[in-house]
Engineer: 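One structure is given below, represented as structure tokens, and several questions about it will come after.
Quick note on labels: first sequence line is chain A, next is B, and so on, each numbered from 1.
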Amino acid sequence: MLDFLPKSISRLLIKINVNLLYEIRLRANKPLFVNFEGKYYFLGQDGLSSAVKNAYFPTAEEVNDALHAACGYSIYAVENQIRQGFITTKNGVRVGICGDVVYEGGSILSIHSVSSLCIRVPHEIVGCAKGIYDRCLSNGLRSVLILAPPGLGKTTMLRDLSRLVCERLTKNVLVCDERGELSCGNVGITSDVVRFAEKKTAFAEGIRAMCPDLIVTDELRLSDFSVIELIREGGVHVFASAHRTDASSIPKGLFDYVVTLNALGCVGSVVSGV
Amino acid sequence: MWLKFAVALLIVAVSVFVGYLSAGKYRLRKSYFQAFQSFNEKFLAELCYTRRALAEFIQKERKEGDFYHMANCALVERDSVRKPSYLSEDEYEYLMEYFHAVGRADAKTQTGWFATRKGELERSCKEAEAEAKNRGELYLKLGLLSGLAIVILIV
């Protein structure tokens with residue numbers, strides 16, 4: 001899954017259990033920082049450490065090589081993703097990019113001199129959303145919004161919820177995966193996947209083409225809620241997530257349940273009829 | 001008498017075959033440049049439309065021959081490519097520069113770069129085809145003549 005990393009860094013990862021690795025922060029000439037089991041550590045020749053002196057310092061060249069390899073050595077194939085500041089590898093690993101941004105005509109043309117990469121390692125945890133399913137969907141299909149800050153497992157929860165709905169309710173599910181991250185894993189036997197399309201396009205064309213009972217999508221922005229309203233009026237249910245800690249800015253009546261995660265994979269509150 | 005005739009025929013056949021083999025280098029050059037040109041054309045089309053990642057593109061388009069073997073080696077396996085004997089140092093450097101550029105930039109930049117290579121490759125391909133034709137004929141004739149000379153001297 002992380003085969004795009006330079007050998008010097010891959011060698012360090014052998015020393016830790018990659019299944020418990022959630023994030024790698026690769027910064028040029030700065031200490032290698034990883035999120036392991038929900039906590040941040042420096043990573044070096046002796047494995048995980050809290051001391052910066054034990055950390056490995058990747059070079060700018062290693063950061064660039066990692067990005068190029070993550071693109072499948074084909075920048076042209078992922079240029080639209082790069083413009084949005086991230087790419088998703090074929091295995092669903094999301095690589096956030098930080099560097100010098102070039103604009104043309106008011107929109108981003110490219111990002112060059114890449115100095116940092118935030119590599120998020122996806123995990124498929126079968127059954128992790130069972131609690132949410134039992135509390136929200138035991139009486140049939142409803143619309144659910146999952147709220148949490150980044151890195152608490154919203155995407156993993158959504159993926160498992162989609163799988164559960166397909167298996168238990170056998171509904172037609174349309175997964176609108178804007179970043180190619182959500183659909184990397186089992187999203188269910190009766191699901192269809194639209195990848196890398198903008199939400200508006202994916203929703204409109206997806207509903208027309210696939211007639212879904214449920215749309216599953218990730219990372220809603222405030223501007224997306226008007227489209228969600230139209231979908232809901234059309235009788236299609238929605239599972240979504242958003243980078244938020246409370247539901248105060250969510251338009252009323254849009255979702256049947258709002259679930260808040262308060263720790264990695266932990267359901268904090270489930271509020272109905274928001 | 002018949003034995004002499006058979007030996008003479010055998011000598012001529014062998015020398016013509018040696019001539020054919022001697023021209024093999026030029027046939028390989030021709031195939032190499034034809035494959036190179038075809039790859040460039042297909043890659044330009046790829047940049048305009050499907051924009052698949054390199055590994056997928058090469059696996060789908062892969063054909064027999066030295067060029068595709070080298071392309072797979074350099075662009076998919078990310079391994080070093082050995083210089084074939086029929087390429088000059090400059091031609092080998094040109095190929096390495098080409099492989100280095102593939103996939104390095106966005107589609108617009110890549111299209112511009114590879115469109116420039118199109119003319120150069122067409123010219124090289126035509127030269128290699130003409131050379132293969134001329135040298136092929138020359139070596140066959142030389143083979144035939146040397147065979148006849150041997151027959152006259154020996155038989």
Engineer: Could you pull out the closest heavy-atom pair between His68(A) and Gly103(B), with the gap in Å?
Structural biologist: NE2-O, 3.6 Å
Engineer: Please state whether the side chain, the backbone, both or neither of Val102(B) comes within less than 4.5 Å of a heavy atom of chain A.
Structural biologist: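 Answer is backbone: N, CA, C or O of Val102(B) sit under 4.5 Å from chain A.
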Engineer: List the atom of Asp106(B), the atom of Ile75(A), and the distance in Å for their closest heavy-atom pair.
Structural biologist: N-CG2, 4.0 Å
Engineer: Would you say that more than 12 heavy atoms from the other residues, nucleotides or ligands in this model lie under 6.0 Å from the NE2 of His100(B), or not?
Structural biologist: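 12 or below, so no.
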Engineer: Can you name the nearest heavy-atom pair linking Ser74(A) to Leu54(B), along with the distance?
Structural biologist: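 What the structure gives for the nearest pair is OG-N, 2.7 Å.
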Engineer: For atom NZ of Lys90(A), decide whether the heavy atoms of other residues, nucleotides or ligands shown that lie under 6.0 angstrom number more than 12.
Structural biologist: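 Count not over threshold, so no.
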Engineer: Hey, are the side chains of Glu79(A) and Arg51(B) touching, using non-hydrogen atoms and a 4.5 Å cut-off?
Structural biologist: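 In contact.
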Engineer: Could you tell me if the ring centre of Phe43(B) sits under 6.0 Å from that of Tyr76(A)?
Structural biologist: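 Yes: the rings meet the under 6.0 Å criterion.
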Engineer: Should the heavy atoms of other residues, nucleotides or ligands under 6.0 Å from CD of Glu124(A) be counted, would the total exceed 12?
Structural biologist: yes
Engineer: Atom NZ of residue position Lys15(A) - does it have more than 12 heavy atoms of other residues, nucleotides or ligands inside 6.0 Å?
Structural biologist: yes
Engineer: Please determine whether the number of non-hydrogen atoms from other residues, nucleotides or ligands lying under 6.0 Å from atom CZ of Phe57(A) exceeds 12.
Structural biologist: yes
Engineer: Where does Arg104(B) contact chain A at under 4.5 Å (heavy atoms): side chain, backbone, both or neither?
Structural biologist: both
Engineer: Can you tell me if CZ on Arg82(B) sees more than 12 non-hydrogen neighbours from other groups inside 6.0 Å?
Structural biologist: no
